Number of protein chains: 2
Amino acid sequence: MLGRTYDAEVCSAARALEVVGERWSLLIVRKALFAGARRFGDFRSLGIATNVLAKRLDGFVDAGIMERTGPDGAEYALTEQGRELATVVVALTAWGDRHLAPDGPPVLYMHAGCGGSVAQRLVCDTCGEVNDPAELRAVPGPGMPAEIAARMSAS
Amino acid sequence: MLGRTYDAEVCSAARALEVVGERWSLLIVRKALFAGARRFGDFRSLGIATNVLAKRLDGFVDAGIMERTGPDGAEYALTEQGRELATVVVALTAWGDRHLAPDGPPVLYMHAGCGGSVAQRLVCDTCGEVNDPAELRAVPGPGMPAEIAARMSAS
DNA sequence: ACGCGGGCTTGCATCACGCAACTCGTCCTC
DNA sequence: GAGGACGAGTTGCGTGATGCAAGCCCGCGT
């Protein structure tokens, strides 16, 4: 993958991007999540080169996002960890729908059980919904290395 | 940027990745959103090469995610469109926190008004929250080109 | 006039990606 | 059981993107 290339940022977003931030990665996940792609050939319709596809799938298996299944071991299934990337795909889609889809969303996400449409929201656990991204602040959490937290408060 | 490289996928997620799917892009957005970075030099702490940083910032201005402001025109401010990428960054962070942060989240997002912690949720507009990503289905929406919808139902 | 720091641009080496051709194993057919 | 078709990759090579170091431009203070 990227080889720990975002070391300067102490943030889970940077760690996540090291796993799924490369070209094609999230589209492969999307294809597996929502188009039922499982076999190597299923992903080729993305237009991705086969050598890159092989590298991505191998990387996903290494990262624990996918696992090889099927009688011949030639199928790639998302793990629970991989399926949870749905939130990222939905967030990206929602943003693209709002700003890059003048004719309306080409794809909608629906709730399989009840048929309702699904959106993605920022929720504050004490006062409810967050409407404006400007209301967000990033603060150090328990996983922040102590010496970096010290450096941050010093500067 | 990527030059319309994800043409085979008719999906707003692919369009969005054409804008913010390159290396460093979302980390630059994150830095601007949550670390208050505005000037060229503010972003250098990411560890990004300056030529790449210049290219990304120019690309963001072209894409309408950022605009140049300040008395000397040397500041980069996120537009409303750019700030809305916060949902994507929060979703990525949440996923990374869950799977790549054994010591706990290094960074928490808080609601500036009330101090509550903020998370990202998938919400079904008829039955409430969606707990399992497996409950999602992708269906063609109004922006889906007719000939592609026909091809999809045929195959 | 001079130096300094911020804000980029340029040159070059390296790496990743896109494309096409090729291999390998399995299954099907004759 | 030889031949062909197909899925699943691997290999080689050319091109573009990235990383790094150095240099350039310009406003500001002295």
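In the text below, chain A, chain B and the rest are named by the order of the sequence lines, each starting its count at 1. Small disclaimer: the values here were computed from a predicted structure and weren't measured.
- A straight line from NZ of A/Lys55 to P of C/dG18 spans 10 Å, rounded to a whole angstrom.
- Considering every non-hydrogen atom in both A/Val19 and A/Ser25, the closest pair reads O-OG, 4.4 Å.
- For the segment residues 43-50 of chain A, the set of residues with a heavy atom within less than 4.0 Å of an atom of DNA chain C comprises A/Ala49, in numerical order.
- In this entry the distance linking CZ of A/Arg56 with C1' of C/dA16 reads 8 Å, nearest Å.
- Using bins of under 30°, 30° to 60° and over 60° for the plane-to-plane angle, the ring pair B/Phe34/B/Tyr109 lands in the tilted bin.
- Applying the 4.0 Å criterion to OP1 and OP2 of C/dG6, one finds that B/Arg39 has every side-chain N and O outside that range.
- To the nearest angstrom, C1' of C/dC17 lies 13 Å from CG of A/Leu53.
- Comparing C/dC17, D/dG9, D/dT18 by their closest approach to the side chain of A/Tyr76 singles out D/dG9.
- For the pair B/Asp42 CG and C/dG7 C1', the computed distance is 12 Å after rounding to whole Å.
- The closest side-chain donor-acceptor pair between B/Arg15 and B/Tyr6, if any, does not fall under 3.5 angstrom.
- One atom, CD of B/Glu18, and another, C1' of C/dC17, lie 16 Å apart when rounded to the nearest Å.
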Could I get a table of every N or O pair under 3.5 Å where one atom is in the protein and the other is in nucleotides 24-30 of chain D?
none

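- OP1 or OP2 of C/dG18 has at least one side-chain nitrogen or oxygen of A/Trp24 nearer than 4.0 Å.
- Checked against side-chain contact (heavy atoms from CB on, under 4.5 Å), A/Ala35 has the following partners two or more places apart in sequence or in another chain: A/Lys31.
- A straight line from CG of A/Leu57 to P of D/dG7 spans 16 Å, rounded to a whole angstrom.
- Within the 4.0 Å cut-off from OP1 or OP2 of C/dA16, not a single side-chain nitrogen or oxygen of B/Arg23 is found.
- The side-chain contact (heavy atoms from CB on, under 4.5 Å) test applied to B/Cys114 returns A/Cys124, A/Thr126, A/Cys127, B/His111, not counting sequence neighbours.
- A cation-pi arrangement, defined by a distance under 6.0 Å to the six-membered ring centre and an angle within 45 degrees of its axis, is absent between A/Arg56 and A/Phe43.
- Taking Ile, Leu, Val, Met, Phe, Trp and Tyr as members and joining any whose side-chain heavy atoms lie under 4.5 Å apart, directly or through other members, the hydrophobic cluster of B/Met110 also contains A/Val139, B/Leu108.
- Here B/Val123 pairs with A/Arg121, B/Arg121 under the side-chain contact (heavy atoms from CB on, under 4.5 Å) rule; sequence neighbours left out.
- Rounded to whole angstrom, the span from the CD atom of A/Glu22 across to the P atom of C/dA16 amounts to 8 Å.
- For B/Arg137, the side-chain contact (heavy atoms from CB on, under 4.5 Å) criterion is met by A/Ala112, not counting sequence neighbours.
- A/Leu17 and B/Leu26 make their closest contact through CD1-CB, 3.9 Å (heavy atoms, listed as atom of the first residue, atom of the second, distance).
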Distances for protein N/O vs nucleotides 12-14 of chain D N/O pairs under 3.5 angstrom?
unit_1: D/dG12; atom_1: O6; unit_2: A/Asn51; atom_2: ND2; d: 3.3

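- Distance, B/Ile28 CD1 to D/dT18 P: 11 Å, rounded to whole Å.
- For residues 64-71 of chain B, proximity to DNA chain C is found at B/Arg68, defined as any non-hydrogen atom under 4.0 angstrom from a strand atom.
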Show me the side-chain donor-acceptor pairs of residues 94-105 of chain B shorter than 3.5 Å, one per line, residues at least two apart or across chains.
unit_1: B/Trp95; atom_1: NE1; unit_2: A/Gln81; atom_2: O; d: 2.8
unit_1: B/Asp97; atom_1: OD1; unit_2: A/Ser12; atom_2: OG; d: 2.4
unit_1: B/Arg98; atom_1: NE; unit_2: A/Glu84; atom_2: OE1; d: 2.7
unit_1: B/Arg98; atom_1: NH2; unit_2: A/Glu84; atom_2: OE1; d: 3.4
unit_1: B/His99; atom_1: NE2; unit_2: A/Glu84; atom_2: OE1; d: 2.6

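- Every residue was checked against the salt bridge (Lys or Arg N to Asp or Glu O under 4.0 Å) condition with A/Glu135, not counting sequence neighbours, and none meets it.
- Residues forming a salt bridge (Lys or Arg N to Asp or Glu O under 4.0 Å) with B/Arg39 (at least two apart in sequence, or on another chain): B/Asp72, B/Glu75.
- Proximity of B/Arg68 to B/Asp58: side-chain heavy atoms (C-beta onward) are separated by under 4.5 Å at one or more points.
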